[in-house]
Each structure stands twice: as C-alpha cells, then as structure tokens.
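Read the structure below first, then the notes.
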Amino acid sequence: MPNAHRRILVTSALPYANGHIHLGHLVEYIQTDIFVRFQKLRGQTCIYLCADDTHGTAIMIRARAEGRSEQELIAAMREAHLSDFAGFQIAFDHYGSTDSPANRRLCGEIWSALRRKGLVTARDVRQLFDPVAGVFLADRFVRGTCPKCAAADQYGDSCEQCGATYGPADLVAPKSTLSGATPEVRSAEHLFVTIEKLHEFLAEWTRSSGAIDPRIANYLAGHFLCEPLRDWDISRPAPYFGFEIPDAPGHYWYVWFDAPIGYLAATSEWCERSGGAFESWWQRTEGNEAAAEIHHFIGKDITYFHTLFWPAMLEAAGLALPTKVRIHGFLTVNGQKMSKSRGTFLLARTYLEHLDPGMLRYYYAAKLSGGIDDIDLNLEEFTAKVNADLVGKVVNLASRTARWLDGTGLSPRYPDDGGLFAAAAADGTEIAAAYEDCDFARAMRTIMLAADRANAYVDAEQPWKLAKAGPDAAGRLQDVATVAINLFRQLAVYLAPVLPRFAEQVGDLVGGPIRSWEESQRPLEALGIGRFTPLMQRVEAAQVEAMLAQSLAEAAPQTVPLSPGTASMTTQPTADSAEPLAAEPLADTCTIDDFTKVDLRVARILAAEEVPEAKKLLKLTISLGGDVTRTVFAGIKGFHEPSSLVGRLVVVVANLAPRQMKFGLSEGMVVAASGAGAGGVYLLSPDSGALPGMRLR
RNA sequence: GGGCCCGUAGCUCAGCGGUUAGAGCAGGGGACUCAUAAUCCCUUGGUCGUGUGUUCGAAUCACACCGGGCCUACCA
C-alpha cells in the first residue's frame, strides 16, 4: 500500500439511548477504534465520529415510565455511554447526538433534496392506536391471541407458537402493553420515500462500488433488488419523540431517517470545533480529485439500512457515498448468545469493575478477522490468551530485562542482534496490511511471533549470567538488554492501536510517547530508561467468576434481602483485583514491637457533623467506652452520610498525637481503606460483639 | 421453503490447487532461574464432517449428503 496521504472519516453505528453499552456493542467500537488509531499512527488524517441515537417511540415510552422528560433521559444515558466508552479507551474525535440542532438542520436539507427529486409521497396507514396512552403502537407494543393457532399472548407481528405472520390488527383480543387498553384501529397519514426510483442506482452501487462485500451485495440482490423496492415509511404521527417535519406539521421523521444523518451532523459539529470544512468530507468530488474516504462500521443486523436506504439518501442529496461499509457479526459468550440468566449479558461497566479494558481490546483484536461471522468470547480462553500473550510474552520481555539498564541506559549504538530487529521491522508491512483489512487476528498473530523470537533471544543470551560475570561483561549485558528493550518497544508500536494505554506506559519507560508507526523501523540508542513497573496484571479465573456473579446478580435484582450470615460466601467465589496492592507495594518490614506502638481501638461514633468549609473532613465524636470520648476529624466527607455513621463501630488510632487542624483539635484518627481500583474511602467495622475500647492486636 | 456462512489436532483458529497439513493454548518430557509459576528446547496428537467427481495432483475446485449457525419467506 503506497503511503500517499489519505483523509478518512470513520463511524461506528450510533448506540441507542435506551440501554447501556455491553460487551456486544464493544466489538464494534473496539474494532473501529483500533482501525482509527492505526490510521492515525500511520500519519493519515482520520476522524472518528459517533453519536447517541436518541429518538423514537421506545425513548418516549421509557421517559414517561420514569416520570421525566426525554431530554433528561437521553442526557443521562449519554453520560453513561461516554463514561463506558472512555473506560474502554474508545477515542472519538467527536461524539454527538441525533437530538441536536445540527442534525435537525441536516435532516431538513436531506428532506428537501428528497422532495425536490419527487421521492416523497403520502399515504394513509392503518395502525393500532392506544386510546389511553394516546400513541400509535409499534408491533412489539401489542400482544394478543394468534389468529391462526389461538396461542395466547403473542406479539403483533408473528406467532412464536405456529410461526404465522400477520399484522397487529389481525390479533384476536389485542392489548396494548403500555396501558393494557384495547387498541383501536386508526388511520393516519404517513410519508414515504419512493426508493424504487433509485433502484437502478442501488443495484449498480451495491454491486460495483467496492464498498460492500460481494456476499452482502449478493444477499441484497437476492432479497431486495430482485423486485421493486417497497416505499420506505419515513414518518410517524404525533406524539413521537423526534423532529417534526417542517413541511408536514404533526409528522415526525422516523428514527431511522435521522439516525444515519447523525453521521453528517457529527461531522458538521466536529468541523465547527476544529475548523474543518464539512464539504471536504461529504461533498462529491468530480473526476480524479482525491476524495475523502468514508468508512462505516456496523453490525450485520443493520446491513439493510446502511447499504440501501443510506446510500439512497446520500445519492438523492448529492453527497459522497461510503467507501466501505464494514460489517461485523455478533458476540457470543462461551459459545452462546449473551444471557442475563447465565450472567453473560455483560455490561461494559461491570467488566470495568473487574478487568482491564486493554485485555478485552486485545482479545477482540485476536478474534476479529474482518469477516461477518460472529465472534465468541470464551472466558477461559480469554484468561489463558491474555495471560500468555500479553503478560507472558510481551510484558515479560521488559520485565526480565529492563533492570539491567537501570544505571546505564541503552547502549550508545544499537548492537548486532542477528537481524532480529530488522526482521520484525520487515514484519511491519504485513502487520499494517492486516490492520488495513481489519484482519486484526492476523496482525496479532504476526506480532506474537515476533515476541516469541525476542524471548528466545533473551534466553539464548542469558543476561543474568552476564550480570554475575562482573565488570568485564557489563558492556555485553547492556547490549543484550538494549536489544530486548528495543524489540519490546517495537512490539508496543505495533500494538499501540489495540493497547493505547500500554503503549503510553512503554513510552514512559523508554523513548517517550509513541506517535508514529515509523518508530517500529528504527532502534533507539543511547537513551535513559525509566523504572520498570508491572505494566499489566495477570487475569485470575476468580476475577472472571466474580464478574459473572455480579452480572448475574444485577440482571436478577434480589427483592428479598439475604439475612445476615447467609450471604453465599462459599458459593460465590471471591475474586480480588491485584491492582490495589500493585499500585501501593507493601511497606518495609516492621517488628511486633513497632506494631504495638500503634494503639488501635474499637470506637463508637456518637455524633457526626459536616464541616462546611472543609473539602474532605467530617467532624466525628467517638466513644472509647464509658465516658471517654474524643473529637476526630476524618477525611471521609463525600463517601459517607454523617447521619448514617452515628452509632456504628469503627477502628481508631487512639494514641495518635493530637493535631491542631484548621477546624479544631483532632484527637485521633479513624482508619479507613483506600487505594487503586476504586475511588472510595472504606471504614472498617469489627464483627458484631466487639465493644468500644477493645484493642486490636 | 429459499439463500448464505461454517465444519482442519482436546480448545481457538491459520492454510484455500502443488513437496511428508500448520500456529497458539492445553497434555507429556527436559533446560533455565533474569522475569507477574513467566521463558526456552523437544514431544504426543489430525483418514482436513461424509461420499462422489474434476485434475498429473484436492483440506483447497464441483455436486450431493450429514451436522452447526445466520438471514429471509404465507406461494413461486
């Protein structure tokens, strides 16, 4: 692939504001993010755009059920989505919303174009209406008895018992799932796009533009393009949460109209912020002028919208068409569909509470080969692969050699390594080609082979023996470690699109931030090296178990609280992150005498009050039993409600020298746990039965 | 019913017309001790779903069948 400069606009499908991000969604966002980071690392101009998909009946219904406005609902979900994405290091250049002024404006422009081309028509549609809720009902909001086999409680579009399909109006004894009311058939005008008028264009574009995998093009040809395309129902009658159609009051654009236009709106907003020109991305170019590339990453479930309706809209509006529609499959967990009852319906944030996001990014990368097949998250394999590849091979390379360079830094000249660095540099061509094809699995395989060679090198050179051989071998030792660290950093460059955080850490260790793919082609010389810290912790099976247990618990919330003492400590394995300890290594050894100098006592909180001027402090009055009380300022404000503290037992350092603080004298210290892995401050409680004044020993 | 994809070592997969079919993990044996029980070497293990065909030659192409998955369909 020639290295001509490219301008690449990349999108992921817009997540719907009706639910939280889960590991299935993340297949797409991680895949896209890797692709984008790769392009940027290669020096291309690349922007990654996405947005929340906010409109539609489902949002309206949900907001009502929760007793708040749609805007409040979508704002809250947006925050949650952004936080989840940030947790997984998904780096959008812009993240918009379909409920934005830019999107409204662009919807209007596309709509005008459709009108101008005579592609809009109106027709009455008979639909069920819920007279209590006052809304038209989508098929899935109606249940009733199957008209064919009389099975009860079936959806409005098809019967799960006999497989019959019908319209919601055919159901016997239909009921609205919103209000329970019996719906009535009402007629309402809908607007349609007569997409058939673009049939010829679509047939040609899907077949020969190169944007679509031939298998998909074939599928489209066989299922849709083999007959006249049906008019696309593009409007919904009020009430509907969305944009009202300017020239058709009382009608709203259907969510699938404004969702893809969200790509345009996000571009527009990004341009406004960064000073780019919208036209430079979406304007159709004439002749051989170099256009921007447009890559859409989507799941196979929305193929139809992105390969027929969306290009039709762009064509009608005279905008640039997608260069590639990259379609991926679904995620299964342990070989089966994600399941709430098995605890495998894993939310992004549940994962993040237990495991490192980089590990999922790597695992997905190792699985994704650019095809449309589903990928499986096998949790045992996940554990084994992440540990073997990332910890055992890659991180270990630095872990076992960095220390030899502590005093000296890298050798002034890169030594003879038998051609290892050059070989891995040459691999860069293949690795880059694999990234470009979204065949990340092939890229990872090639990278790991290089890691294997590097470890074999260290093994053969035996730097630990050189270290013991004394000053005569010092030069050789430095050379060997220099080779190892260079091979390590080279791997980090190749892995940077997948493991951005890891790449940063490697940059901190040696050589500074990794900014360019080219850094894989030249070894570093004569540089100092930072202190090696564990860059990644092994995954323990217990951590995975704990994640599943939590996911299971959250999916099926317990309404009956467990009585104390029956908590299933034995059946639900505890699994603890290594992070807190790793972040704060153990202090120097102390003797029992040292320990007994600290007099730790059980105490009862008698009173707790806010200190308004203090950022972190609560003023506590504690009892050590009898009438011995102390005043203690504790740095737990924001983590504990004062009122909920009163009466509880805690542990205090009772013989701590009193300290004059800004707000008063503190006569002790309440001990609490804090550290990496969780932000809170956690008070300690003794088992029940302990009494104030008892000493800890 | 139609269409598509998949079926290669215990597991995940690569190979997709050409020498005795490969990798990682798991299993077995050994080495080393620098490293997060990590690393390195050796090794066990496959009639490449089944059958028929095309070909000098097939895991690789064709057809049929079996098994798994996905999409789509009230007929064609």
Side-chain angles (χ1 to χ4, degrees), chain A residues 146-149 157-159 162-167 170 213-224 226-227 299-304 327-330 332 334-337 356 362-364 366-369 371-406 430 434 439-469 477 480-481 484-485 488 532-540 578-579 581-582 585:
Chain A
C146 170
K148 289 249 172 65
C149 73
D157 53 354
S158 66
C159 175
C162 69
T165 55
Y166 41 77
D170 301 326
D213 182 300
R215 283 175 300 190
I216 301 294
N218 226 0
Y219 152 82
L220 294 170
H223 282 93
F224 302 104
C226 60
E227 56 187 12
K300 61 185 182 183
D301 53 327
I302 54 175
T303 296
Y304 172 76
I327 306 173
H328 61 80
F330 295 146
T332 56
N334 291 336
Q336 297 180 293
K337 277 189 182 176
D356 177 345
Y362 175 74
Y363 183 81
Y364 281 177
K367 287 277 179 177
L368 285 166
S369 53
I372 195 176
D373 301 325
D374 292 352
I375 69 168
D376 185 45
L377 167 58
N378 180 292
L379 290 166
E380 274 182 39
E381 190 205 13
F382 167 82
T383 307
K385 189 163 191 62
V386 162
N387 286 343
D389 290 359
L390 295 183
V391 182
K393 287 180 185 173
V394 178
V395 173
N396 188 228
L397 197 54
S399 175
R400 66 193 303 203
T401 57
R403 50 180 301 214
W404 313 118
L405 297 174
D406 263 352
E430 184 190 339
D439 190 350
F440 303 154
R442 186 154 61 94
M444 296 307 108
R445 248 180 280 129
T446 309
I447 293 168
M448 286 309 142
L449 286 176
D452 286 341
R453 279 181 258 133
N455 273 304
Y457 169 84
V458 176
D459 227 73
E461 297 299 331
Q462 308 186 1
W464 54 92
K465 287 197 175 158
L466 296 172
K468 286 174 187 158
L477 175 65
V480 170
I485 290 297
F488 172 69
F532 178 81
T533 51
L535 297 175
M536 207 174 283
Q537 296 301 319
R538 299 175 65 76
V539 184
E540 301 299 331
E579 193 183 347
L581 182 59

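Note that these values count all heavy atoms, side chains included, but never hydrogens, waters or copies made by symmetry. All values reported here derive from a predicted model rather than from experimental measurement. Labels below follow one simple rule: chain letters A, B, ... track the order of the sequence lines, proteins then strands, and each chain is numbered from 1.
Of the possible donor and acceptor atoms, none in the side chain of A/Asn387 sits under 3.5 Å from a partner among the backbone N and O of A/Arg538. With A/Tyr363 contributing its side chain and A/Asn378 its backbone, the two residues share a donor-acceptor pair below 3.5 Å. For A/Asp439 (side chain) and A/Ala434 (main-chain N/O), no donor-acceptor pair under 3.5 Å exists by modelled atom type.
Closest to the A/Val458 side chain, of the nucleotides B/rU39, B/rG24, B/rC34, is B/rC34. Distances were taken from every side-chain heavy atom of A/Trp404 (C-beta onward) to each of B/rC34, B/rU36, B/rU72; the shortest belongs to B/rC34. With B/rU12, B/rC40, B/rA38 as the choices, the nucleotide that has an atom nearest any side-chain atom of A/Lys367 turns out to be B/rU12. Considering only the side chain of A/Lys393, B/rC25 comes nearest among B/rU33, B/rC25, B/rU36. Each of B/rC34, B/rC70, B/rC40 was ranked by its minimum atom distance to the side chain of A/Trp464; first place goes to B/rC34. Minimum atom distance to the side chain of A/Asp459 is reached by B/rC34, of the listed B/rA38, B/rC34, B/rG24. The nucleotide whose nearest atom lies closest to any side-chain atom of A/Asn396 is, among B/rC40, B/rA35, B/rC25, B/rA35. Residue A/Val391 has its side chain nearest to B/rU36 when only B/rC34, B/rC25, B/rU36 are considered. Distance from the side chain of A/Met536 is smallest to B/rU36 among B/rU36, B/rC34, B/rU39.
In this structure, A/Phe224 and A/Tyr304 have tilted ring planes: the angle between them lies in the 30° to 60° band.
The base-pairing partner of B/rC16, taking Watson-Crick or G-U wobble contacts with both distances under 3.5 Å, does not exist among the strands shown. The partner of B/rC63 is B/rG51, by the rule that a Watson-Crick or G-U pair needs both atom distances under 3.5 Å. Figure legend. B/rG1 is base-paired to B/rU72; pairs are counted as Watson-Crick or G-U wobble with both atom distances under 3.5 Å. Remark: B/rG27 base-pairs with B/rU43; criterion is Watson-Crick or G-U wobble with both hydrogen-bond distances under 3.5 Å. In a base pair of the Watson-Crick type (N1 to N3 plus N6-O4 or O6-N4) or a G-U wobble (N1-O2 and O6-N3), with each distance short of 3.5 Å, B/rA9 is matched with no nucleotide.
Neither OP1 nor OP2 of B/rC13 sits under 4.0 Å from any side-chain N or O of A/Arg445. Residue A/Lys468 places at least one side-chain N or O under 4.0 Å from the OP1 or OP2 atom of B/rC34. Within the structure, a side-chain polar atom (N or O) of A/Arg538 is placed less than 4.0 Å from OP1 or OP2 of B/rA38.
Results of the side-chain contact (heavy atoms from CB on, under 4.5 Å) test with A/Asn396 over A/Thr401, A/Asn455, A/Leu390, A/Val391 single out A/Asn455 as the only residue that passes. For the side-chain contact (heavy atoms from CB on, under 4.5 Å) criterion with A/Tyr362, the lone passing option out of A/Lys385, A/Met536, A/Lys367 is A/Lys385.
Taking atom P in both B/rA58 and B/rC75, the straight-line distance is 42 Å, to the nearest Å. Comparing the C1' positions of B/rU54 and B/rU8 gives an interatomic distance of 22 Å, to the nearest angstrom. Comparing the C1' positions of B/rA31 and B/rA21 gives an interatomic distance of 30 Å, to the nearest angstrom. Between B/rG22 and B/rC42, the distance separating the two P atoms is 15 Å to the nearest Å. As rounded to the nearest Å, B/rG46 and B/rA23 have C1' atoms that lie 14 Å from one another. Nucleotides B/rC63 and B/rU55 place their C1' atoms 16 Å apart, quoted to the nearest Å. Comparing the same atom, C1', in B/rG10 and in B/rC16 gives a spacing of 25 Å after rounding to whole Å. Comparing B/rU20 with B/rG57, their P atoms sit 14 Å apart, to the nearest whole Å.
Taking atom CZ on A/Arg403 and atom C1' on B/rA35, their separation rounds to 9 Å, with Å as the unit. Distance A/Asn218 CG to B/rC71 P: 18 Å, rounded to the nearest Å. For the pair A/Ile302 CD1 and B/rC70 P, the computed distance is 19 Å after rounding to whole Å. Per the geometry, CG belonging to A/Leu535 stands 12 Å off C1' belonging to B/rA35, to the nearest Å. Going from atom CD1 of A/Ile375 over to atom P of B/rC11 covers 20 Å, rounded to whole Å. Following rounding to the nearest Å, A/Asp439 (CG) and B/rC13 (P) show an atom-to-atom distance of 13 Å. One can place CZ of A/Arg442 at 17 Å from C1' of B/rG24, the figure rounded to the nearest angstrom. We find that CG of A/Leu390 is positioned 14 Å from P of B/rA38, with the value rounded to whole Å.
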(request) Just do the side-chain contact (heavy atoms from CB on, under 4.5 Å) check on A/Asp213 and A/Ile327 with the steps written out, would you? (result) CA-CA 9 Å; A/Asp213 182 300; A/Ile327 306 173; over 6 Å; no
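Between A/Asp389 and A/Lys465, it is A/Asp389 whose nearest contact on RNA chain B lies nearer the 5' terminus.
A/Phe532 has its side chain within reach of A/Val395: a pair of non-hydrogen atoms, C-beta onward, lies under 4.5 Å apart.
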